[in-house]
Amino acid sequence: MFFLKLNSLSFIIIITIIVGCMSGRKGADAYFKSGNIKSYQGDYKGAVKDFGRALKVNPLHAKAYLGRSNVKYNLKNYRGAIEDCNTAIQLNPDLIDAYFNLGISYYELKKYKEAVSKLSTSIRRKPNDPEAYYIRGKAKMHLGDTLGACNDWQYAASMSYLRAAKIQKKYCTGFSKNAAMEEEAPAQVREIRDNR
C-alpha cells in the first residue's frame, strides 16, 4: 500500500512538473506574441516588458531575445540590440534574421567592419536578400571599398531592389573615391518570422 502511494505521489509530482513546464512555455509564448503585437503598434516600452516577461518564464526563448533586440534597435539602443541578438544566436544559430539585425545595429554604431562581417553571415544563410547586400555595400563604401560596395549594390539591383539601383548609379559611375556617401534613415529590423 505504501509502495502504491509512493508511486502515485511520484506520478502526481511528475505530472505537475510536466504541466508546469508546458504552461510556462505557453505563458512565454503568450508574452512573446503580445510583445510582437505591441512592437508592431509602436508600443516599444510595453513590448520590452512583454519580451522580458517571456524571458522570465522561459530564459531560453531565443525568439523573445530577437524580438526584444528589434525593439531596442527601434529605440536606438543599438548596443542592447546587439547583446540580445548575440544571445538569440547562442540559443538558436538558425535565426537568420538575427544576423541581419546584428549587421544593421553595428552599421548604426559606425562599426562598419563588424557590420560587413554580420551581414556577410546573413547573406551566406540567405543569399537572395537584396537589402542585406545593399546595407553591406553601404558599410563597404564607408570602409573605402568602393568596388566591393558597387558589386553588392549591383547584385541587389539585379534583384529589383530600387534603392540599390539608385545608390549604384550615384556612386559607381566613374568610381569617385572622394565621394562622401549621404546617409539615409536607418534600416528596419527584421520582424520575427518562422525561421528556426
Side-chain angles (χ1 to χ4, degrees), residues 3-111 114-115 117-129 131-132 135-136 185-196:
F3 182 71
L4 285 175
K5 286 184 181 180
L6 182 60
N7 283 339
S8 297
L9 182 60
S10 297
F11 179 74
I12 291 171
I13 291 172
I14 291 170
I15 294 299
T16 303
I17 290 171
I18 291 171
V19 169
C21 289
M22 287 173 45
S23 67
R25 180 182 164 104
K26 286 182 181 177
D29 286 343
Y31 284 127
F32 169 74
K33 288 176 184 174
S34 177
N36 277 335
I37 291 167
K38 288 178 181 175
S39 175
Y40 182 75
Q41 294 172 338
D43 178 9
Y44 297 134
K45 289 182 181 181
V48 166
K49 284 181 184 178
D50 282 348
F51 287 129
R53 289 175 179 140
L55 293 168
K56 190 171 184 179
V57 173
N58 179 4
L60 303 177
H61 199 301
K63 288 184 180 181
Y65 281 104
L66 181 57
R68 191 170 70 179
S69 79
N70 293 348
V71 174
K72 288 179 178 180
Y73 178 90
N74 286 327
L75 292 170
K76 299 185 183 329
N77 178 0
Y78 304 121
R79 285 181 175 79
I82 288 168
E83 184 179 313
D84 280 352
C85 275
N86 281 325
T87 302
I89 290 169
Q90 287 174 347
L91 294 171
N92 184 351
D94 294 328
L95 285 174
I96 298 166
D97 291 338
Y99 298 96
F100 176 85
N101 292 354
L102 268 175
I104 63 173
S105 295
Y106 279 120
Y107 182 87
E108 293 302 327
L109 289 173
K110 299 182 180 359
K111 294 186 174 191
E114 291 89 343
S117 173
K118 297 307 178 186
L119 289 165
S120 294
T121 301
S122 177
I123 289 167
R124 277 193 303 278
R125 291 171 172 269
K126 187 177 176 185
N128 293 321
D129 183 354
E131 190 175 18
I135 297 169
R136 185 176 74 172
Q188 294 299 309
V189 289
R190 298 281 170 83
E191 295 303 322
I192 298 130
R193 302 178 195 157
D194 267 343
N195 55 26
R196 305 204 191 294

Heavy-atom pair with the smallest gap, counting every atom of [X] and [Y]:
| X | Y | value |
| --- | --- | --- |
| F51 | G35 | CZ-C, 3.4 Å |
| P59 | L91 | O-CD1, 4.0 Å |
| S69 | C85 | OG-SG, 3.3 Å |
| G103 | L119 | CA-CG, 3.8 Å |
| H61 | A28 | CD2-CB, 3.9 Å |

Between [atom1] of [X] and [atom2] of [Y], what distance do you get to the nearest 0.5 Å?
| X | Y | atom1 | atom2 | answer |
| --- | --- | --- | --- | --- |
| N92 | T87 | CG | OG1 | 12.5 Å |
| L95 | I89 | CG | CD1 | 7.5 Å |
| S122 | D97 | OG | CG | 7.0 Å |
| L66 | R68 | CG | CZ | 11.5 Å |
| E83 | Y65 | CD | OH | 9.0 Å |
| D84 | L55 | CG | CG | 7.5 Å |

With sequence neighbours excluded, what pairs up with [X] under the side-chain contact (heavy atoms from CB on, under 4.5 Å) test?
| X | result |
| --- | --- |
| T121 | Y99, R124, R125 |
| I123 | A132, Y133, R136 |
| I37 | Q41 |

So, does D43 use its side chain to make a donor-acceptor pair with the main chain of S39 at under 3.5 Å?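 The answer is no, because no donor-acceptor pair under 3.5 Å joins these two groups.
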
Main-chain N/O of A30 paired to S34 side chain as donor or acceptor, under 3.5 Å: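 No, the answer is negative, given that no donor and acceptor are paired below the 3.5 Å cut-off.
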
Are Y78 and Y73 close enough, and set up right, to give a ring-ring contact (aromatic ring centres under 6.0 Å, His included), and what steps lead you there? CA-CA 5 Å; Y78 304 121; Y73 178 90; 5.2 Å; yes

In the structure I gave you, are the side-chain heavy atoms of I82 and L109 within less than 4.5 Å of one another anywhere?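 Yes. Closest side-chain heavy atoms under 4.5 Å.
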
Which residues pass the salt bridge (Lys or Arg N to Asp or Glu O under 4.0 Å) test with K118, not counting sequence neighbours?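 For K118 there are no salt bridge (Lys or Arg N to Asp or Glu O under 4.0 Å) partners, ignoring immediate neighbours.
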
List for me each residue that meets salt bridge (Lys or Arg N to Asp or Glu O under 4.0 Å) alongside K49, sequence neighbours excluded, and say none if there are none.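 Salt bridge (Lys or Arg N to Asp or Glu O under 4.0 Å) check on K49 returns nothing, list empty.
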
Quick one: which residue pairs count as a salt bridge (Lys or Arg N to Asp or Glu O under 4.0 Å) with a foot in residues 50-62, not counting sequence neighbours?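 Passing the test, one end in residues 50-62: K38-D50, D50-R53.
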
